[in-house]
Amino acid sequence: MRRSVLHPEPLGVLHEPVGPSLEEQIAAREALEAMTSLPDWQVEALLSVDVPESVSAYARRHRMNPHTALSRPRIARESLAVKLWRRT
(Lines give C-alpha, C1' and ligand atoms only; values in the text may rest on other atoms or scores of the structure.)
Protein backbone atom coordinates (compact mmCIF):
# COMPACT_ATOMS: atom_id res chain seq x y z
CA MET A 1 0.00 0.00 0.00
CA ARG A 2 1.34 3.36 -0.95
CA ARG A 3 0.73 6.36 1.28
CA SER A 4 1.17 9.95 0.26
CA VAL A 5 1.09 13.18 2.21
CA LEU A 6 -1.19 15.71 0.58
CA HIS A 7 0.23 18.64 2.51
CA PRO A 8 3.41 18.74 4.60
CA GLU A 9 1.66 20.63 7.44
CA PRO A 10 -2.07 19.84 7.37
CA LEU A 11 -2.82 21.83 10.55
CA GLY A 12 -1.38 24.92 8.86
CA VAL A 13 -4.14 24.72 6.25
CA LEU A 14 -6.90 25.27 8.84
CA HIS A 15 -8.34 28.76 8.98
CA GLU A 16 -9.07 28.70 12.70
CA PRO A 17 -7.22 27.35 15.74
CA VAL A 18 -7.66 23.72 16.70
CA GLY A 19 -8.51 22.78 20.28
CA PRO A 20 -9.77 24.80 23.21
CA SER A 21 -9.22 28.53 23.24
CA LEU A 22 -7.00 30.23 25.79
CA GLU A 23 -10.05 31.39 27.77
CA GLU A 24 -11.40 27.82 27.91
CA GLN A 25 -8.02 26.53 29.08
CA ILE A 26 -7.90 29.14 31.86
CA ALA A 27 -11.47 28.32 32.93
CA ALA A 28 -10.64 24.59 33.01
CA ARG A 29 -7.55 25.25 35.12
CA GLU A 30 -9.59 27.34 37.57
CA ALA A 31 -12.21 24.58 37.82
CA LEU A 32 -9.56 21.95 38.50
CA GLU A 33 -7.97 24.12 41.17
CA ALA A 34 -11.37 24.66 42.79
CA MET A 35 -12.01 20.90 42.74
CA THR A 36 -8.93 20.32 44.89
CA SER A 37 -10.63 22.11 47.79
CA LEU A 38 -13.80 19.96 47.59
CA PRO A 39 -14.27 16.86 49.76
CA ASP A 40 -13.29 13.56 48.14
CA TRP A 41 -16.88 12.34 47.76
CA GLN A 42 -17.79 15.49 45.81
CA VAL A 43 -14.82 15.13 43.47
CA GLU A 44 -15.77 11.49 42.89
CA ALA A 45 -19.38 12.52 42.21
CA LEU A 46 -18.27 15.10 39.65
CA LEU A 47 -16.00 12.62 37.89
CA SER A 48 -18.60 9.84 37.99
CA VAL A 49 -20.84 11.77 35.62
CA ASP A 50 -18.57 10.67 32.77
CA VAL A 51 -18.69 6.97 33.78
CA PRO A 52 -20.75 4.92 31.29
CA GLU A 53 -22.47 2.75 33.92
CA SER A 54 -26.07 3.35 34.93
CA VAL A 55 -27.04 5.18 38.10
CA SER A 56 -28.41 2.01 39.66
CA ALA A 57 -25.16 0.13 38.90
CA TYR A 58 -23.15 3.00 40.38
CA ALA A 59 -25.36 3.02 43.49
CA ARG A 60 -25.04 -0.75 43.89
CA ARG A 61 -21.25 -0.59 43.53
CA HIS A 62 -21.03 2.10 46.22
CA ARG A 63 -23.74 0.52 48.39
CA MET A 64 -26.01 3.57 48.41
CA ASN A 65 -29.58 4.45 47.61
CA PRO A 66 -30.07 5.35 43.90
CA HIS A 67 -31.66 8.66 44.93
CA THR A 68 -28.52 9.50 46.89
CA ALA A 69 -26.42 8.59 43.86
CA LEU A 70 -28.51 11.01 41.79
CA SER A 71 -28.30 13.87 44.28
CA ARG A 72 -24.55 13.73 44.91
CA PRO A 73 -23.47 15.15 41.52
CA ARG A 74 -26.01 17.98 41.90
CA ILE A 75 -24.68 18.84 45.36
CA ALA A 76 -21.09 18.64 44.10
CA ARG A 77 -21.85 20.91 41.10
CA GLU A 78 -23.43 23.47 43.45
CA SER A 79 -20.39 23.38 45.74
CA LEU A 80 -18.04 23.78 42.79
CA ALA A 81 -20.08 26.71 41.49
CA VAL A 82 -19.84 28.41 44.90
CA LYS A 83 -16.06 27.86 44.99
CA LEU A 84 -15.65 29.28 41.48
CA TRP A 85 -17.94 32.22 42.24
CA ARG A 86 -15.90 33.11 45.37
CA ARG A 87 -12.68 33.16 43.30
CA THR A 88 -13.98 35.89 41.00
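Residues: numbered from 1 along the sequence shown. This one's a predicted model, so the numbers in the text were calculated from it and none came from an experiment.
Between Pro73 and Leu46 the shortest heavy-atom distance is O-CD2, 4.4 Å. Here the shortest heavy-atom pairing between Gln42 and Ser79 reads NE2-OG, 3.2 Å.
Identified under the ring-ring contact (aromatic ring centres under 6.0 Å, His included) test for residues 45-66, with sequence neighbours left out: Tyr58-His62. For residues 58-68, the salt bridge (charged side-chain N to carboxylate O under 4.0 Å, His left out) pairs, not counting sequence neighbours, are Glu53-Arg61.
A single hydrophobic cluster is not seen to contain both Val51 and Leu38; linkage of ILVMFWY side chains at heavy-atom distances under 4.5 Å, directly or through other members, places them apart. Under the 4.5 Å side-chain heavy-atom criterion for grouping Ile, Leu, Val, Met, Phe, Trp and Tyr, Leu80 is connected to Leu32 within one hydrophobic cluster.
Taking CG of Leu70 as the reference point, atom CZ of Arg72 lies at 12.0 Å (rounded to 0.5 Å).
Counting heavy-atom neighbours within 6.0 Å of Asp40 CG, excluding the residue itself, gives a total of 12 or less.
You'll find the side chain of Val43 stays beyond 4.5 Å of the side chain of Thr36, heavy atoms only.
For Arg74 and Glu78, the salt-bridge test passes: some basic side-chain N is under 4.0 Å from an acidic carboxylate O.
In this structure a side-chain-to-backbone donor-acceptor pair under 3.5 Å is missing from Thr68 to Met64.
For Ser71, the side-chain hydrogen bond (donor to acceptor under 3.5 Å, both in side chains) criterion is met by no residue, not counting sequence neighbours.
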